[in-house]
Amino acid sequence: MVRKTLLLLCGWICVALGLLGAFLPLLPTTPFLLLASACFMRGSPKLNHWLLNHPKFGPILHNWHHHRAVSKQVKRRANIMIVASFSLSIYLVPLLWHKAMLVTMLVVLLVWFNRLPERDDPAPQGESL
């Protein structure tokens with residue numbers, strides 16, 4: 001019971017952070033929604049079903065769960081946000097070795113992320129491509 005409660009709490013926190021990320025430029029949406037979905041899968045299939053069928057977030061999660069892919073639009077926005085947030089961090093940290101570490105992490109993250117397959121979001125029900 002404690003495990004289920006913690007999973008639900010973590011899932012809702014991730015949904016809230018994902019929703020904030022949809023409006024705040026430096027907070028990512030997709031990773032929080034993926035984590036929320038993982039928590040809900042284990043804690044509440046009903047909430048996971050709700051999240052997977054959400055009109056905005058469902059297609060992103062569907063692409064990831066079924067194809068391990070992201071859409072071109074998500075990839076483009078994520079690249080912009082990754083570069084913007086790392087650039088700000090690199091600018092703000094005072095030590096050179098911190099800057100070098102951040103640049104290294106940026107390059108590794110961008111290489112990994114951009115190697116993910118691209119798949120367009122499925123058309124909403126009733127619409128064709």
Side-chain angles (χ1 to χ4, degrees):
M1 185 65 180
V2 172
R3 181 177 185 260
K4 183 176 179 178
T5 303
L6 288 174
L7 285 168
L8 291 176
L9 179 65
C10 180
W12 280 114
I13 290 170
C14 289
V15 168
L17 290 171
L19 287 172
L20 283 174
F23 301 103
L24 298 176
L26 296 179
L27 190 65
T29 300
T30 305
F32 287 118
L33 293 177
L34 291 172
L35 186 55
S37 179
C39 291
F40 288 159
M41 270 191 248
R42 292 161 183 82
S44 171
K46 183 178 177 181
L47 287 173
N48 188 50
H49 182 266
W50 166 78
L51 192 58
L52 290 174
N53 289 302
H54 189 276
K56 291 286 184 190
F57 305 131
I60 295 169
L61 295 169
H62 176 81
N63 273 346
W64 183 255
H65 287 306
H66 295 285
H67 307 289
R68 290 291 187 248
V70 294
S71 71
K72 289 178 183 180
Q73 181 182 10
V74 167
K75 194 177 268 194
R76 188 176 330 113
R77 277 190 276 152
N79 275 314
I80 291 167
M81 292 301 111
I82 289 168
V83 170
S85 62
F86 269 86
S87 296
L88 179 63
S89 297
I90 292 165
Y91 174 75
L92 291 175
V93 297
L95 300 175
L96 185 59
W97 74 273
H98 286 155
K99 292 178 188 287
M101 180 182 64
L102 285 168
V103 168
T104 303
M105 290 175 15
L106 171 63
V107 169
V108 169
L109 179 60
L110 286 174
V111 167
W112 171 79
F113 185 71
N114 285 296
R115 291 186 60 171
L116 289 175
E118 287 182 3
R119 182 176 171 92
D120 289 330
D121 292 333
Q125 291 179 350
E127 290 184 24
S128 61
L129 293 174

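Computed from a predicted model, the values in this text were never measured in an experiment.
- Between atom CD of residue Glu118 and atom OG of residue Ser71 there is a gap of 8.0 Å, rounded to the nearest 0.5 Å.
- Residues Phe86 and Leu109 are in side-chain contact: their nearest non-hydrogen atoms beyond the backbone lie under 4.5 Å apart.
- Of all heavy-atom pairs spanning Gly21 and Thr29, the tightest one is C-OG1, 2.9 Å.
- A distance of 11.5 Å separates CG of Leu116 from CG of Asn63, quoted to the nearest 0.5 Å.
- Leu7 and Leu33 fall into different hydrophobic clusters, defined by Ile, Leu, Val, Met, Phe, Trp and Tyr side-chain heavy atoms under 4.5 Å apart, directly or through other members.
- Rounded to the nearest 0.5 angstrom, Thr30 OG1 and Ile60 CD1 are separated by 4.5 Å.
- Note: the hydrophobic cluster containing Met105 also contains Trp97 (ILVMFWY, side chain heavy atoms under 4.5 Å, direct or indirect links).
- The two residues Leu51 and Ala36 make their nearest non-hydrogen contact at CD2-CB, 4.0 Å.
- Contact of the Thr104 side chain with the Met101 side chain is not registered, since no non-hydrogen atoms from C-beta on lie closer than 4.5 Å.
- Ring-plane geometry between His62 and His67 is classed as perpendicular, the angle between the planes exceeding 60 degrees on a 0 to 90 degree scale with a lower cut at 30.
- A 4.5 Å side-chain heavy-atom check between Ile13 and Leu9 finds at least one atom pair inside the cut-off.
- Alongside Met1, the hydrophobic cluster contains no other residue (criterion: ILVMFWY side chains under 4.5 Å).
- The aromatic rings of His54 and Phe57 sit parallel to each other, their planes meeting at less than 30°, with 60° as the upper class boundary.
- A pairwise comparison of heavy atoms in Lys99 and Tyr91 identifies NZ-O, 3.7 Å as the closest pair.
- The distance from atom CG of Leu92 to atom OG of Ser87, rounded to the nearest 0.5 Å, is 10.5 Å.
- By the rule that hydrophobic residues join a cluster once side-chain heavy atoms approach within less than 4.5 Å of another member, Leu106 and Leu96 end up as members of separate clusters.
- To the nearest 0.5 angstrom, Arg76 atom CZ is 7.5 Å from Ile80 atom CD1.
- Under the 4.5 Å side-chain criterion, counting only non-hydrogen atoms from C-beta, Leu110 is in contact with Val83.
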Scan the side chains in residues 37-44 for donor-acceptor partners under 3.5 Å anywhere in the protein, sequence neighbours excluded, and list what turns up.
unit_1 : atom_1 : unit_2 : atom_2 : d
Ser37  : OG     : Asn48  : OD1    : 2.9
Ser37  : OG     : His65  : NE2    : 2.9
Arg42  : NH1    : Ala38  : O      : 2.8
Ser44  : OG     : Leu47  : N      : 3.2

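- Residues Trp64 and Leu35 fall into different hydrophobic clusters, defined by Ile, Leu, Val, Met, Phe, Trp and Tyr side chains chained together at heavy-atom separations under 4.5 Å.
- Val108 and Ile82 are members of different hydrophobic clusters when ILVMFWY side chains are connected at heavy-atom separations under 4.5 Å.
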